[in-house]
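We number each residue from 1, following the sequence as shown.
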Amino acid sequence: MPLIHYIKNSLKWKSVIIFLLLVTIPSGIIGSIVLYQSNKILKEQIITTTHQNLGNMESQLTNVIEEIEDISRYMIYSQEFRDFMTSPAVSGADYNHLNQVRSNLSGFFVFHQSEKDYFHSVQIEGENKQVLTVGETVEGNETKWIKQAKQLEGEMLWSTPYQMHNQRTGQDEEVVSLFRVINNLYNIKEPVGHVRIRLDLQALYQQVTDGFTTRQHQAFLVHNEEETITSSDFGPNFSYQAFIQNIHTEGESFQLESKGDVYYGVSRYIEPIDMHLVSVVSETYILSEMKDIRSTFGYMILIAVLMGLMTFAGFVVFVVRPILELTRETKRLEHGDFSAQVKVRSKDEVGQLGYRFNSMVEQIQRLIDNKYKLEIQNKHSELKALQSQINPHFLYNTLDMLRWTARLENAPDTSKSIEDLSTLFRITLSQGKVWIPLEDELKYVKSYMELQKKRLGDSFHYAIFIEAGLAKSIVLKLMLEPLVENSFKHGFPQSQENKNITIRCYRKENILVMDCLDNGVGIDREKVEQLLHTKEEHDSYALKNVHDRITNAFGKPYGIEIVDAEIGACVRMKVPWIKDKQILNQLIEGVDR
């Protein structure tokens, strides 16, 4: 459509549409998102607070359980407890001793009862038929817990909540108790008595939740086996099934409903007493905390709209207008008008762009007047120099004539050496080509090493390995020969008899790796690394020349690196894997072309 095409090619109309959209629709969307996120964050903060309260209550409850369990452990190691449960009651001295021990143990438990409101009562029965009861006098059926504790043979057993009748108050009280058989310290299979420590469940709930619950934040103890709930006198009422169903399906975090209100709950399972500790917070309380936030964000959205309009006006004046002027002057320059100039109104990035454009126009004009003419002169000089060089075809024909003459004269070694030298010249010149197949590069290196082998005889050996499928890969010409030549110049001392060079070519993902290994005197890695990365020119150093050619062609991730070797030196060269000439053309000229 003409209108869409016009808008697509007009920076001015693009800016108008973009900023209108950024001021209107995005402001409403962003405001809604921010309001939603703020509500979500506040809700998460409140739920996080609920988690923290729940963690504190869990810690309190765990501490209570550990304290009671520690008392039972203390009974095993205490001499007085062991005496009370094992000492015989025969003589008068025995009774006096037992009465003294009973008095001491009663004081011990009275102290705990006075310090801990939830400490209901304790009962100890020894194998010597002695019984000690401290705390509330209660009666009830605890037979199944005692039987299970005896089967555990000394392990601790926490009961589920059950009813005991308080003879002092005449009321039934709900307790949870620790039952344990006390074994002989020196023979853990021999029981000396058993103990039951009862905790008042309601007082335990108050101890655990004190300071962490309000009318907005409520806590509950949900008992699995008894299917009952312990809670405060005020707050919402929830059924046992509602809690258990959500805990089993939703996990630790879930939602509940009571009388039309929504509550968010989190739970923790307390394994020793087989209970879920649950904390809930009302959604109504959360929403009441958000009223001020909603009004604040309404004003913020209105201010954002006004600021967006002001920003749009400033953007048009200070950014769009200079760019449109730059576009107009660029079109003049495109048509050959070198008088094109942009008016620079500021020193910011847009002003610097205009200043650089003006400088570019002046530079182009100077290049046309000076440098272009100088380049023409240089080309003429290069042409004359090329004309004075030896004709490559004449050189090839002469070498071929010498090679066949050597064969006719029965000099195969001389013929082979001339053939290797001819291969060197052909690949070196290669009609001015910079890029050649890897197999040609290896052929060049092989010819060079064959000539060296003729000179050195059996004291020199070489091997070339190439991974299958890499022979047609395209590489820069004359990359491997300088590495091999460097081994002869700097790696092998004249006195060395066994000289070996190995060339390995293989691929790692999209990188072509070429290793040159020798068994010479080694190489100073630090010195070579410094040489490869220096900015000074060192024409006499072959490694730097090859490294610079690779980095100039492909960038810094590629080039030469020195690899640690047990014997001699290992010079590694990494270049991109160019599969064929089509990939090479894309690399050099760009994919679009």
Apply salt bridge (Lys or Arg N to Asp or Glu O under 4.0 Å) to [X] and list each qualifying residue two or more places apart in sequence or on a separate chain.
X: Glu136; value: Arg168
X: Arg196; value: Glu125, Glu142
X: Arg507; value: none
X: Glu69; value: Arg73

Which residues satisfy the side chain to side chain contact (heavy atoms under 4.5 Å, CB included) test with [X], sequence neighbours excluded?
X: Glu271; value: Tyr269
X: His97; value: Asp83, Ser87, Val101
X: Thr48; value: Gln52
X: Pro161; value: Glu174, Leu201, His223, Glu226, Met275

For the backbone of Gln206 and the side chain of Asp210, can you confirm whether one donor and one acceptor N or O come within less than 3.5 Å of each other?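 Not a single qualifying donor-acceptor pair exists.
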Judged by atom type as modelled, is there a donor-acceptor pair below 3.5 Å linking the side chain of Ser473 to the main-chain atoms of Leu470? yes
Do Tyr162 and Ser177 meet the criterion of a side-chain donor-acceptor pair at a distance under 3.5 Å?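 A donor-acceptor contact under 3.5 Å links the two side chains.
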Going by side chain to side chain donor-acceptor pair (under 3.5 Å), name the residues that satisfy it together with His165, two or more places apart in sequence or in a different chain.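 Testing His165 for side chain to side chain donor-acceptor pair (under 3.5 Å), a comparison that skips the adjacent residues, returns Asp172.
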Distance-only donor-acceptor hits, side chain of residues 146-155, under 3.5 Å, sequence neighbours excluded:
none

Return all side-chain donor-acceptor pairs below 3.5 angstrom for residues 102-112, not counting sequence neighbours, or 'none' if the list is empty.
residue : atom : partner : partner atom : Å
Arg102  : NH1  : Val131  : O            : 2.7
Arg102  : NH2  : Gln130  : OE1          : 2.9
Asn104  : OD1  : Gln100  : NE2          : 3.3
Asn104  : ND2  : Glu80   : OE2          : 2.8
Asn104  : ND2  : Gln100  : O            : 3.4
Ser106  : OG   : Arg102  : O            : 2.8
His112  : ND1  : Lys116  : NZ           : 3.0

Can you check whether Phe238 and Tyr263 have ring centres sitting under 6.0 Å from each other?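 Between Tyr263 and Phe238, which both carry aromatic rings, the centre distance is below 6.0 Å.
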Only counting residues at least two apart or in another chain, list the ones meeting ring pair (Phe, Tyr, Trp, His ring centres under 6.0 Å) with Phe84.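 With neighbours one apart ignored, the set is empty.
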